[in-house]
Every structure is written in C-alpha cells, then in structure tokens.
Amino acid sequence: MLILQAVSYRYAGATRLSLREVSLTLGEGEVLGVVGRSEAGKSTLCLVASGLAPRTLGGTLRGRVLLDGADSSGRAMHEMARDVAIGFQNPGTQLSGVATTVYEEVAFGPMNLGISREQVLQRTESSLDALAIRALSERDPERLSGGQQQLVAIAGLLALAPRHLILDEPTAQLDPAGTRLVGEALRQLAASGTSLLIAEHKTDLLDGLCERIIAIDGGRVVLDGPTARVFDDPRLAGLGVEPPARARLTRALAARGLDVSVVASALAGAAR
C-alpha cells in the first residue's frame, strides 16, 4: 500500500508549493487515475510518490509518504526502486542507453534485481508479448520511433514486476492501437496485485482502466471518487479536463431528453 499523508512539496529555488496538503491511499491492485490541466501538479505527485522528489531533485517535502506501512523518508533510492517503479512520458529519459537491442533493454531492469536467469527471461518475453513488440527484439532501441521507444520503456517497467507502478503520461507518444495495448497490459498487471497510479490526459484510457480518479488543480486534490462519478462531474471542464467519450455521450443524450439506459440497451441489442 502506498499512502501520502498531508504531503506538500516545493522544488528547490521555487517560491511556491507545487503540491499542497495532498493525502491519498493507493491499495494493493488498485488503479488510480490522476487528471488535471498542465502544471496542475500531476507530474510532481508522481515524483513525490515514487521517492524521486526530494531524494534526487532536492526541494522541500512536508508530510509523510508511507510504503507498505513504513515511512519511506529514510530509505535509499535503490531500495525504493525495488518496490516502486516510475515511467515518464518521454521514453528517452527511461531507456538505459547501454543496451544494444530491445531484448536487452527490457531485460536490463530485472537483471539488476538479482533474480535468476530463468526469471529474467520469463519476465522479458512476457513483457515483449504483452505489448506486441517481440518483432522489435533485435532492433537498436535508439533507432526506433518515439512510439516504439515508449512501448519498449513500458515493457521494461512491466518486466520489473513492481508492487507499485507510477506512470506519468505513459501513452503520450502512442497511437490508439498502442494505447489499447498499454491499457490491456496494465489491466493484467493490476490483476496480479500491482497497484497503479497513472497521470494521463487520455481520459478514455482511464475510464476503462481505473477504479478511482482524482483531479488536481493548483497542487491540491479537488475531486476524488469512483471513476464514473468524477468523469460525470460538471466541474471537470473548469479544471481543464475533457471528459471521456462515454461521459460526453451520456450528457448529450440526457440533454435531448433521451433515456440513457434505453439507448444503451438498444445499442447492445444491435451489436448482437
């Protein structure tokens, strides 16, 4: 379980807080989505939850980050990395820079965990298959497109099999097909017990993946609740967040006086 208790954070040299009194709990196997306008504090939340801030970035942190019941402030970053993995929207910051093939890149993380050779191979191949990139196995990671690199970076995170995975805009460079692959892989990872915190602008992805959504504005959590309730909240647009297609369609049907449940049943019948 990953818990933030009244966490506030200010970057080194900054004059204002980037996170303000944020409290949240991420349970085992829970998938939590984070939405908000640019500069709202989503990326900062990811950095703090992963332990990178303030350990590697400096700055000032108030409040507590608890990892499986223990205060994480005294743990070294390499110890944190065994339990919490983080992925960024720019795959260039995620790739090792030392692997000459995609296969080696995906295997790089598990190899550094000190697990058996058989486990490394099993995790690597499962991750390649989960994101349908086995055909890229012998390619040089540096010679891939941005979208392909993004899939490789995410495969490397899956291969770590972390208890907690934090993702900051994981599908930013992916087309709809790639986004669907990532969504399915993350769904399977959560089913295995891994908890996921995902900051993402693609609300359609979060709508089909997350049990709960929080919305951040000005470094504060301003909405927190079940996915459908938050995405149906009329305040969402004022926070710079476009609701998913499901919520927009539901709202449009209701505005025309149509019974949403009747329309849904009719569509389901037509599909059969």
Side-chain angles (χ1 to χ4, degrees), residues 1-3 25-34 46-47 49-52 55 65-70 72 75-89 91 93-99 101-134 136-137 141 148-171 174 178-200 205-206 209-211:
M1 185 174 290
L2 184 63
I3 301 174
T25 298
L26 183 64
E28 181 178 351
E30 182 178 9
V31 185
L32 172 62
V34 183
C46 291
L47 292 169
S50 70
L52 285 176
R55 283 174 181 78
V65 179
L66 303 177
L67 183 59
D68 298 324
S72 66
R75 297 184 64 180
M77 196 63 232
H78 70 275
E79 295 176 341
M80 286 282 290
R82 288 183 172 274
D83 298 314
V84 183
I86 183 170
F88 304 100
Q89 60 181 297
T93 63
Q94 195 81 37
L95 300 179
S96 69
V98 299
T101 68
V102 166
Y103 196 99
E104 292 172 346
E105 181 63 46
V106 176
F108 183 81
M111 288 174 62
N112 282 278
L113 294 178
I115 60 179
S116 70
R117 180 176 181 275
E118 290 71 22
Q119 285 179 298
V120 171
L121 294 175
Q122 188 275 325
R123 289 189 186 188
T124 300
E125 292 175 8
S126 294
S127 298
L128 291 169
D129 288 339
L131 295 175
I133 55 172
R134 185 178 283 270
L136 302 177
S137 294
Q148 289 172 328
Q149 287 185 337
Q150 188 84 311
L151 290 172
V152 171
I154 294 172
L157 293 171
L158 298 181
L160 289 170
R163 292 212 307 280
H164 312 286
L165 179 58
I166 298 168
L167 298 169
D168 184 13
E169 303 288 348
T171 65
L174 298 179
T179 297
R180 284 193 296 272
L181 282 172
V182 169
E184 183 54 38
L186 295 179
R187 193 172 290 107
Q188 293 178 20
L189 191 63
S192 72
T194 296
S195 61
L196 304 173
L197 188 153
I198 309 170
E200 179 62 77
L205 171 66
L206 298 181
L209 183 61
C210 299
E211 304 152 23

Are the side chains of Leu197 and Leu167 in touch, meaning some heavy atoms are under 4.5 Å apart?
no
Apply side-chain contact (heavy atoms from CB on, under 4.5 Å) to Leu66 and Leu2, showing your working.
CA-CA 6 Å; Leu66 303 177; Leu2 184 63; over 6 Å; no
Pairs where residues 185-195 contributes a residue and the test salt bridge (charged side-chain N to carboxylate O under 4.0 Å, His left out) is met, not counting sequence neighbours:
Glu184-Arg187
Decide yes or no for Leu209 and Leu186: does some side-chain heavy atom of the first lie under 4.5 Å from some side-chain heavy atom of the second?
yes
CD (Gln89) and CD (Glu200) are apart, to the nearest 0.5 Å, by 9.0 Å
With rounding to the nearest 0.5 angstrom, report the CG to CD distance, Leu196 to Glu211.
9.0 Å
Please report the closest heavy-atom contact between Ile133 and Ala155, naming both atoms and the distance.
CD1-CB, 3.9 Å
Check side chain to side chain contact (heavy atoms under 4.5 Å, CB included) between Glu104 and all other residues, then give those that pass, not counting sequence neighbours.
Ala99, Thr100, Thr101
Please check if the number of heavy atoms outside Glu28 that lie under 6.0 Å from its CD is greater than 12.
no
Contact check, side chains of Arg75 and Asp83, non-hydrogen atoms, under 4.5 Å:
yes
Gap between atom CD1 of Ile154 and atom CD of Gln149 - 0.5 Å precision:
12.0 Å
For Ala85 versus Leu157, what's the shortest heavy-atom pair and its separation?
CB-CD2, 4.0 Å
Roughly how far, to the nearest 0.5 Å, is the OG1 atom of Thr179 from the CG atom of Leu174?
5.0 Å
Which heavy atom in Leu181 sits nearest to a heavy atom in Ala132, and how many Å separate them?
CD1-CB, 4.0 Å
Side-chain contact test, heavy atoms from C-beta onward, threshold under 4.5 Å: evaluate it for Gln150 versus Val182 and give yes or no.
no
Where is the tightest heavy-atom contact between Ala107 and Val120, given as atom of each residue plus distance?
CB-CG1, 4.0 Å
Within the 4.5 Å heavy-atom criterion, are Glu105 and Leu95 side-chain neighbours or not?
yes
Would a distance-only check, ignoring hydrogens and angles, find a side-chain to backbone donor-acceptor pair under 3.5 Å from Ser72 to Val65?
yes
Shortest non-hydrogen contact between Ala199 and Pro170, atoms and distance:
O-CD, 3.7 Å
Search all heavy atoms of Gln119 against all heavy atoms of Ile115 and return the closest pair with its distance.
OE1-CB, 3.3 Å
Any non-hydrogen side-chain atom of Cys46 less than 4.5 Å from a side-chain atom of Ile86?
yes
CD1/Ile198 to CD/Glu169 distance, rounded to the nearest 0.5 angstrom?
11.0 Å
Would you please name every residue forming a side chain to side chain contact (heavy atoms under 4.5 Å, CB included) with Leu121, sequence neighbours left out?
Tyr103, Arg117
Show, in sequence, the C-alpha distance, side-chain angles and deciding distance for Leu136 and Leu151, and conclude whether the side-chain contact (heavy atoms from CB on, under 4.5 Å) test is met.
CA-CA 10 Å; Leu136 302 177; Leu151 290 172; over 6 Å; no
Please report the interatomic distance OG1(Thr194) to CG(Leu189), rounded to the nearest 0.5 Å.
4.0 Å
Determine whether Leu67 and Met80 satisfy the following criterion, side-chain contact (heavy atoms from CB on, under 4.5 Å), listing intermediate values before the conclusion.
CA-CA 9 Å; Leu67 183 59; Met80 286 282 290; 3.8 Å; yes
Full working for side-chain contact (heavy atoms from CB on, under 4.5 Å) between Met1 and Ser195:
CA-CA 8 Å; Met1 185 174 290; Ser195 61; over 6 Å; no
Would a distance-only check, ignoring hydrogens and angles, find a side-chain to backbone donor-acceptor pair under 3.5 Å from Ser137 to Arg134?
yes
Between Arg123 and Leu160 (side chain of the first, backbone of the second, donor and acceptor by atom type, cut-off under 3.5 Å), is there such a pair?
yes
Heavy-atom check, side chain of Leu131 versus side chain of Leu158, under 4.5 Å
yes
